[in-house]
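Heads up: the structure comes next, in structure tokens.
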Number of protein chains: 2
Amino acid sequence: MAEASNVTAPTQFIETKLEKYAYRRFGTGSGLPLLCLQHFTGTLDNWDPAVTDPLASGREVILFESAGLGRSTGEVPNSIPGMAAHALAFVDALGLTHLDILGYSLGGMVAQQIALERPSLIRKMLLVGTAPEGGEDIMHMEKPELKKIADDPNLPGLKRLVKLFFTASASSQAGGEAFILRLAQRKQDREPISGPNVAKAQIAAFRAWEAFTGERFAKLRKITQPCLVANGVFDNMIPVRNSYMLSEHLPNAMLITYPDAGHGSLFQFHDSFVRQASIFLGSDKIWPA
Amino acid sequence: MAEASNVTAPTQFIETKLEKYAYRRFGTGSGLPLLCLQHFTGTLDNWDPAVTDPLASGREVILFESAGLGRSTGEVPNSIPGMAAHALAFVDALGLTHLDILGYSLGGMVAQQIALERPSLIRKMLLVGTAPEGGEDIMHMEKPELKKIADDPNLPGLKRLVKLFFTASASSQAGGEAFILRLAQRKQDREPISGPNVAKAQIAAFRAWEAFTGERFAKLRKITQPCLVANGVFDNMIPVRNSYMLSEHLPNAMLITYPDAGHGSLFQFHDSFVRQASIFLGSDKIWPA
């Protein structure tokens, strides 16, 4: 186990002008801190140590628990801007003024919103399994193929993630089983699991994010930071065409897609993803690494 | 200048059962030989040393001049299978039985055809700026935005490539100017430039490649080699959606796209492309690197 690890890092708490947030902060190195923004219903305990720990060998990794999740106080906002306000209150309370962001799924939308509201905060962004404002088919858990998994009483806890985040192939499912074993390595100081109110508010935020006014994707042109967009080609929670939209409309985005992978491509292909993220974050060049 | 370089490598010739082909072969290392298959109307002189030379530091790079191009004898076939037959005659004459392929544009289509006809020959493939059989909008030089460039009398020789292969942005055009300066570094032992008959036959091959019978993209499932698919998001000669089709239907393909880049993304972002290609080709893992 790595010295700096999401398996062992203590959960910390910070009071801010908005709420008291739980977070974890580990790792060291010459890189800027990497703020990690989490997926639908996920808590600090849903960050895969196979992704966070190697990245923490070159920089501080900071995992943020937004309002109403885990042991953070407050209510889950029903909009992406509402979530961005919590993330900004958090980084302000920590005194951080310049950082990189890994935004995964819901967290990638919050990252884009932060980039629009406070561009000077962000140097580079990793946007994984996510969608632009005005994206399509974002987390429609009522779709038959997702509803079947979500409602299956024989898929308790983390087993559900293996079906939701990975494809049906034997190798992808094996990757999913390895993923949940890694998540289960953390034995204490864990966060409470999200309840139905969390999902309800976050789904409302997804529905609002699908809408847009004016020219579609025009806001993406204002996000000039180098971005690395990544996804699995068979993501059925936030389909890969949303990643195409991002990489075609963000002015400085490189796209990577993984074969035989779903929403959890960064966990399935963690070696490749960490290598790519390290090259991207480690480069002094503006673009491309 | 690198010791093994397309600027200085002598053009060689080999007699085969079909034709006499011109080729260049340079570099050394522990990797499998890398067979490079060229783009629409391109000759051996159109391979950018910024791409070929660093790759030649880890393996032999073999540039192939197909029938009817440069100093190779014969006629340009009007179909991709016809071109694949020449490539196979060439590798057989060299006695090569296992190699990697870099197929760029037209060359990427020939690479796919070879993989279908003789799968045992190929370990891994780089498919850049190309399209599957049944792809869309492949090299329609009659489109206004392409015809305007192709017919411009004030764009002689390589200047035309700067407009065709790069976007209109200042930084992409600067990348294009640097590209043609690199191509011009080779001063002697150059190949004759392709005439209109070459273009006519290759365009006929593109039209045939756009057609398909039976289930669209079904053949891609048979190409099980690890593939790295790459393109620029603003390629207007073979639009990037053809790369999406490849990465979604090839069972083992990773996709990389580059921002503000056109058909010549590998030349514009040669540092990144060479790094990605080296990681991909250098890995012992089946997949993913």
Side-chain angles (χ1 to χ4, degrees), chain A residues 127 167 169 171-172 175 217 220-221 223-236 239-262 265-276 278-280 282-289, chain B residues 167 169-172 175 217 220-221 223-236 239-262 265-276 278-280 282-289:
Chain A
L127 300 173
T167 76
S169 78
S171 63
S172 187
F217 308 135
L220 295 182
R221 285 202 296 272
I223 301 177
T224 56
Q225 283 88 352
C227 294
L228 183 64
V229 177
N231 206 0
V233 290
F234 299 133
D235 186 343
N236 56 13
V240 68
R241 67 180 182 276
N242 291 286
S243 291
Y244 303 156
M245 296 168 194
L246 285 167
S247 54
E248 291 178 14
H249 293 277
L250 287 166
N252 286 306
M254 183 168 160
L255 170 69
I256 289 179
T257 73
Y258 288 106
D260 186 29
S265 68
L266 75 170
F267 308 134
Q268 182 174 341
F269 292 113
H270 53 84
D271 283 343
S272 174
F273 178 77
V274 166
R275 181 184 296 112
Q276 295 288 347
S278 299
I279 291 170
F280 173 70
S283 168
D284 283 336
K285 286 194 194 177
I286 300 293
W287 190 261
Chain B
T167 76
S169 79
S171 64
S172 187
F217 307 135
L220 295 182
R221 285 202 296 271
I223 301 177
T224 56
Q225 284 88 350
C227 295
L228 183 64
V229 177
N231 207 0
V233 290
F234 298 134
D235 186 344
N236 55 12
V240 68
R241 66 181 182 276
N242 290 286
S243 291
Y244 302 157
M245 296 168 193
L246 285 168
S247 55
E248 291 179 13
H249 293 277
L250 287 165
N252 285 306
M254 183 168 160
L255 169 69
I256 289 179
T257 72
Y258 287 106
D260 186 30
S265 68
L266 75 170
F267 309 134
Q268 183 174 341
F269 292 113
H270 54 84
D271 283 344
S272 174
F273 178 76
V274 166
R275 181 184 295 112
Q276 294 289 346
S278 299
I279 292 170
F280 173 69
S283 168
D284 283 337
K285 286 194 194 178
I286 301 293
W287 191 261

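Labels below follow one simple rule: chain letters A, B, ... track the order of the sequence lines, proteins then strands, and each chain is numbered from 1.
- Of all heavy-atom pairs between A:Ser247 and B:Val233, the closest is O-CG1, 3.8 Å.
- Closest non-hydrogen pair, A:Ile256 versus B:Met254, comes out as CG2-CE, 3.6 Å.
- Residues satisfying the side chain to side chain contact (heavy atoms under 4.5 Å, CB included) criterion with B:Ala261, sequence neighbours excluded, are B:Tyr258, B:Ser265, B:Gln268, B:Phe269.
- Atoms CZ and CZ, on B:Arg241 and A:Arg241 in that order, are 15.5 Å from each other to the nearest 0.5 Å.
- Atoms OG1 and CG, from B:Thr257 and A:Leu246 in turn, are 10.5 Å apart once rounded to the nearest 0.5 Å.
- When all heavy atoms of A:Glu248 and B:Phe234 are compared, the closest pair comes out as O-CZ, 3.6 Å.
- The shortest non-hydrogen separation linking A:Pro251 to B:Pro259 is O-CB, 3.6 Å.
- Neither the backbone nor the side chain of B:Val229 has a heavy atom closer than 4.5 Å to any heavy atom of chain A.
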